[in-house]
Amino acid sequence: MRDDVTTVERSSTDRPPTPPRAARFRPDIQALRAVAILAVVANHLWPTRLTGGYVGVDVFFVISGFLITSHLAREHAETGRIALAAFYARRVRRLLPAALLVLAAGAVGTILLLPYPRWERAGSEIIASAGYVENWFLSAMSVDYSAINDQATIAQHYWSLSVEEQFYLVWPVLLIGAWWWALRRSARPARTAAVVLGVVVLASFGTSVVLTTSMPEQAYFVTVTRAWEFGVGGLIALLGTRRLPRSIADLVAIAGLVAIVASAALFDSDTPFPGAAALVPVLGTAAVIVAGAGHARLGHSVITATRPVQWIGDVSYSLYLWHWPLIVLVPFAVGAEMSTIMRIGILGAAFLLAWATFRLVERPGQRWRLLHGRPRRSLIAMLAGMVVVALLGGGLIAAGRAQADADVPPESVEIQACVGPQAMESGADCADAFGPARDVVMGPGNAYFATPPECAADPALLPFGDRTATVVCDFGGGTDAPRVWLVGDSHAQQWQGALFDLARERGWIVTTTFGGGCPVLDAPYVGFRTPWTAAERERCTDWSTAVQEAVREERPDAVFTSSAGSVELVDDGTGRPQQEQFVDGLLRTWRAWSADGIPVIALGGVPYNGEVRSPDCLLVNARDPLACAVPVDEALPADPYLAAAAAAADPGIRAFDAHAYFCDQEVCPASIGGVAVFYDADHLNLDYVRRFAPMLGALLDEGSGRG
C-alpha cells in the first residue's frame with residue numbers, strides 16, 4: 001500500500017537528460033491514500049455498513065502505478081537509465097521492515113491466542129506473505145471474503161501487498177525493455193512505453209472481466225486481473241496531463257471523489273469484482289490525480305489538505321498492516337464477540353500502532369546506514385528477514401500438525417443422558433442443558449467429514465466433475481449385508497458420523513456420495529446462494545442425475561438425503577417461489593425411488609450457524625455459551641426437505657426432523673448437553689452428530705415395523 005513518496009516531477013520524459021528538478025508534493029494524492037485506507041478499515045470493521053470499502057485497495061493500486069512510473073520515468077529522463085538494484089533496494093527499505101514486523105507479531109499472537117486448528121493455515125499464509133505470493137495462495141485456495149466458512153488468518157490482507165510487490169518487480173523491467181526498443185527505433189521513449197502499457201492495460205482488463213464472471217473467487221486475487229489498475233496510473237504518468245482550468249479541475253476532482261465514495265457505499269459482496277465494476281473507483285482515482293496536476297490547491301483541499309487527513313495518508317501503510325491482525329486476534333484476547341466498543345478500540349489501537357510503526361520503523365528503515373551504500377545490503381537484509389518470518393510460519397505449521405495428529409475421533413461414542421442432543425429429549429431432567437461445552441476447539445476429532453478405516457474412496461464411482469465424490473464403507477463383511485446410501489451435499493455429509501455408528505452396529509454397507517453445494521433432485525439447478533456458471537451448473541446436474549440413476553439401479557435398503565436446500569437455487573422458468581420449485585424437484589426424485597421399493601429418509605431441521613452468529617462465538621464465549629443463543633425464528637430456516645416429506649403422502653418417504661434436538665421453544669443454542677453443536681460456520685460437530693445414531697435407528701425400525 002506504500003510507494004516511495006507522494007511527489008512527482010512535471011518534466012517530460014521525452015526531453016534529454018537534464019539536472020533534476022525539485023519534485024512537487026501532492027497533498028491530493030496523500031488524501032487519496034487517507035480515503036482508501038479509511039474505506040478498507042471501515043469495511044473490515046463494519047462490513048455491513050460500508051459494504052464496498054474494499055475498493056480502497058484499487059485506489060492504492062492506481063496511486064502506486066502513477067507514482068512509481070513517474071519516478072522511473074524521471075530517473076530515465078535525467079540519467080538515461082534505470083538503476084534496477086537501487087530501485088529494488090529502496091522498495092525493500094520502504095516496505096519490508098514494517099511488513100515483516102507485523103507478520104512476526106501476528107505469528108506470536110496466533111500461537112498465543114488462536115486455537116490450534118488455525119495454526120497450520122496461518123503459518124502457510126505467513127510464509128506466502130513473507131514471500132509476497134499471498135494473493136496466489138489465496139487464489140489457489142479459492143478463498144471468498146464473503147464465504148461464511150472462511151476463517152481469516154492474520155496475514156490474509158497481505159494479498160494486496162503481494163500484488164503490489166509483483167508490480168514493482170515486473171514493471172521496471174518492462175519499462176526498460178520499452179525504452180530500449182524506442183532507442184533502437186529512434187522512437188520517443190514515453191510514447192513507446194505508453195503503447196506497451198496500454199496493451200498491458202487492455203489485456204489485463206479483458207482478463208479481469210472474463211475471470212470475474214467465470215472464476216470470481218480466484219479472479220479477486222490474481223495479479224493479472226489487477227495489473228490494469230496499476231497501468232491506468234502508469235499511463236497518466238507517461239502521457240502527462242495538461243494543467244486543467246481551475247473550475248474544470250475542481251469538477252473533475254469532485255467527480256472522482258464521488259465515484260470512489262459511491263462505489264465504497266453501494267458495492268457489496270455480491271458485486272462482481274474486480275471486473276468492469278472496478279472501473280468506477282479506478283477511473284475516479286485517475287480523475288483526482290489528473291485534476292491535481294499543476295494545482296497546489298483545489299476546492300476539496302479545504303478538507304483534504306488538512307493535517308488530520310494528511311497524517312492518515314502518512315500512516316496509511318502501517319495502518320493497513322496492523323488493523324487486520326487486530327480484528328482477528330482481539331476477540332480471542334478479550335474473550336467476547338466483536339462489539340461496537342471493541343471495534344472502536346481496535347480502530348484506536350490500529351492508529352496508535354500505525355503511528356508508532358511509521359515513526360520507529362518505516363522512517364528509520366529508510367535511513368538506516370547499515371542498509372545504505374550498496375543495494376545488495378538491503379537485498380541481503382530482505383532475504384534474512386523473510387527467512388526469519390518464514391521460520392516462524394513453519395513453526396506454526398509444525399505445531400498445528402503435531403496437535404492435529406493427536407486429535408482423532410474415538411472409535412465409539414457413549415450415549416449418555418443429558419449429553420449432546422440427549423439433553424433435549426422429552427422428559428430429560430438436565431441441570432444445565434445449555435451450559436458450557438467441555439471442548440470448544442474443533443479439531444480433526446470433531447470434523448464432520450472424518451471417515452473410519454472401513455471406508456474407501458472410489459474415484460470411478462459417481463465423480464463430481466474431476467473430484468472423487470463417492471466413498472463405500474463396508475461394515476457388513478459380506479455381499480448380503482444391508483445397503484444404505486447417504487447422498488446430497490456437505491449438509492448430508494455432516495450426518496455420516498451417526499450413520500457410520502449405526503452401520504457398525506447393524507452390519508451395513510454404506511455408500512456416500514456428495515457434491516459440493518449440489519443437491520440430488522430433479523429440477524433445473526442454478527447455484528448455491530448465488531448463481532453458478534454454466535459449467536458449474538452442468539457439473540452439478542450431471543452428478544445429480546447420475547446419483548438418481550445409480551440409486552435406482554442398486555436398489556439399496558434405504559437412502560438418506562439432505563442438503564442446504566434453503567440456500568440452493570433452482571429455476572424451472574415458472575417464476576414460482578424457490579421453496580415450491582425445490583420441493584417439487586425433490587418429490588419427483590423421491591417418488592421414483594419409492595416406486596422402486598427404496599425407502600427414503602429426508603434429514604432436516606438443522607438451524608443456521610454462520611448466517612446468524614459469528615462462527616467464533618462459542619470460542620470467545622466459552623464460559624457463557626448462552627451469549628451465542630439465537631431466537632428460533634432467526635436461526636431455523638424453512639427446510640424444503642421436511643416440506644417435501646410432509647407433502648409426499650407416501651409411507652416410503654419419511655423425514656427425520658431434528659429441530660427439537662437443536663432448539664427449544666425460544667432459542668437455538670451453540671452448546672447443548674456440554675457438547676458444541678457446530679464444527680464450523682456451516683456444519684455440525686461430529687461428536688454431536690454421532691449421538692443421533694439411536695434416533696435414526698428408531699426411525700428405521702418404526703418404518704420397518706420392528707419398533
Side-chain angles (χ1 to χ4, degrees), residues 1 3 29 32-33 35-44 47 50-69 134-136 138-139 142-146 156-157 159-164 166-167 170-171 197-237 252 255-290 316 320 530 533:
M1 297 291 119
D3 35 63
I29 293 180
L32 278 174
R33 281 202 185 103
V35 170
I37 190 59
L38 289 177
V40 171
V41 173
N43 173 250
H44 288 161
L50 195 67
T51 54
Y54 52 79
V55 301
V57 168
D58 306 88
V59 174
F60 278 120
F61 287 168
V62 179
I63 293 172
S64 293
F66 173 70
L67 292 177
I68 292 300
T69 305
E134 169 72 349
N135 63 315
W136 292 104
L138 294 181
S139 175
S142 297
V143 169
D144 178 358
Y145 271 4
S146 304
Q156 192 162 305
H157 63 316
W159 76 267
S160 63
L161 304 181
S162 299
V163 173
E164 286 213 24
Q166 291 157 30
F167 163 73
V170 173
W171 180 226
L197 186 53
V199 172
V200 171
V201 167
L202 291 176
S204 172
F205 178 71
T207 302
S208 180
V209 171
V210 172
L211 290 184
T212 298
T213 301
S214 60
M215 303 169 61
E217 289 83 10
Q218 295 89 337
Y220 191 85
F221 299 107
V222 296
T223 309
V224 292
T225 64
R226 301 285 187 162
W228 69 275
E229 301 178 11
F230 296 96
V232 168
L235 284 174
I236 298 172
V252 171
L257 289 170
V258 168
I260 296 169
V261 173
S263 58
L266 300 177
F267 289 0
D268 58 23
S269 59
D270 293 328
T271 303
F273 206 86
L279 281 169
V280 180
V282 167
L283 295 182
T285 306
V288 176
I289 294 173
V290 169
S316 59
Y320 184 83
T530 57
T533 64

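Side-chain atoms are counted along with the backbone in the values below, which use heavy atoms only and exclude waters and symmetry mates. Sequence positions, counted from 1, serve as the residue numbers for this chain.
Distance alone, capped at 3.5 Å, is enough to place a donor-acceptor pair between the T225 side chain and the A219 backbone. Counting only distance, with no hydrogens or angles, the side chain of S204 and the backbone of V200 share no donor-acceptor pair below 3.5 Å. A distance-only check finds a donor-acceptor pair linking the side chain of S263 to the backbone of I260 [under 3.5 Å]. Side-chain atoms of S162 come within 3.5 Å of backbone N or O of E134 as a donor-acceptor pair. Although no hydrogens or angles enter the test, the distance criterion places no donor-acceptor pair under 3.5 Å between the side chain of S64 and the main chain of F61.
Ring orientation note: the planes of Y220 and W159 are tilted relative to one another, at an angle of 30° to 60°. Using cut-offs of 30° and 60° for the angle between ring planes, the H157 and Y320 rings count as tilted.
Counting heavy atoms from C-beta on, the side chains of I29 and F66 come closer than 4.5 Å. Between E229 and P274 the shortest side-chain heavy-atom distance falls below 4.5 Å. Taking 4.5 Å as the limit, some side-chain heavy atom of Q156 sits within range of a side-chain heavy atom of L138. Here the side chains of F60 and L161 are not in contact, with every heavy-atom distance at 4.5 Å or above. Contact of the T285 side chain with the V232 side chain is not registered, since no non-hydrogen atoms from C-beta on lie closer than 4.5 Å.
Nearest approach of G284 to A259, heavy atoms of both residues: CA-CB, 4.0 Å. Annotation for V62 and A286: closest pair CG1-N, 4.3 Å, computed over non-hydrogen atoms. For D58 against R226, the heavy-atom pair with the smallest separation is OD2-NH1, 2.6 Å. Closest approach of T51 to F267, counting heavy atoms only: OG1-O, 2.5 Å. The two residues A277 and P281 come nearest to each other via the heavy atoms O-CD, 3.5 Å. Closest heavy-atom contact between S208 and G275: OG-N, 3.0 Å.
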For N135 and T223, what are the C-alpha separation, side-chain angles and deciding distance, and is it a side chain to side chain donor-acceptor pair (under 3.5 Å)?
CA-CA 8 Å; N135 63 315; T223 309; 3.0 Å; yes
With side-chain contact (heavy atoms from CB on, under 4.5 Å) as the criterion, how do W136 and V222 come out once you've worked through the C-alpha distance, each side chain's angles and the decisive distance to 0.1 Å?
CA-CA 6 Å; W136 292 104; V222 296; 3.5 Å; yes
As a quick check of understanding, evaluate side-chain contact (heavy atoms from CB on, under 4.5 Å) for V209 and F205, giving each step before the final call.
CA-CA 6 Å; V209 171; F205 178 71; 3.8 Å; yes
With side-chain contact (heavy atoms from CB on, under 4.5 Å) as the criterion, how do I68 and F230 come out once you've worked through the C-alpha distance, each side chain's angles and the decisive distance to 0.1 Å?
CA-CA 9 Å; I68 292 300; F230 296 96; over 6 Å; no
Output, in order, the C-alpha distance, side-chain angles, deciding distance and verdict of side-chain contact (heavy atoms from CB on, under 4.5 Å) for W171 and L197.
CA-CA 9 Å; W171 180 226; L197 186 53; 3.6 Å; yes
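With rounding to the nearest 0.5 angstrom, the CD atom of Q218 is 10.5 Å from the OG1 atom of T212. Atom CG of L50 and atom CG of L266 lie 10.0 Å apart (nearest 0.5 Å).
Of the listed residues (N43, D268, V40), just one forms a side chain to side chain contact (heavy atoms under 4.5 Å, CB included) with Y54, and that residue is N43.
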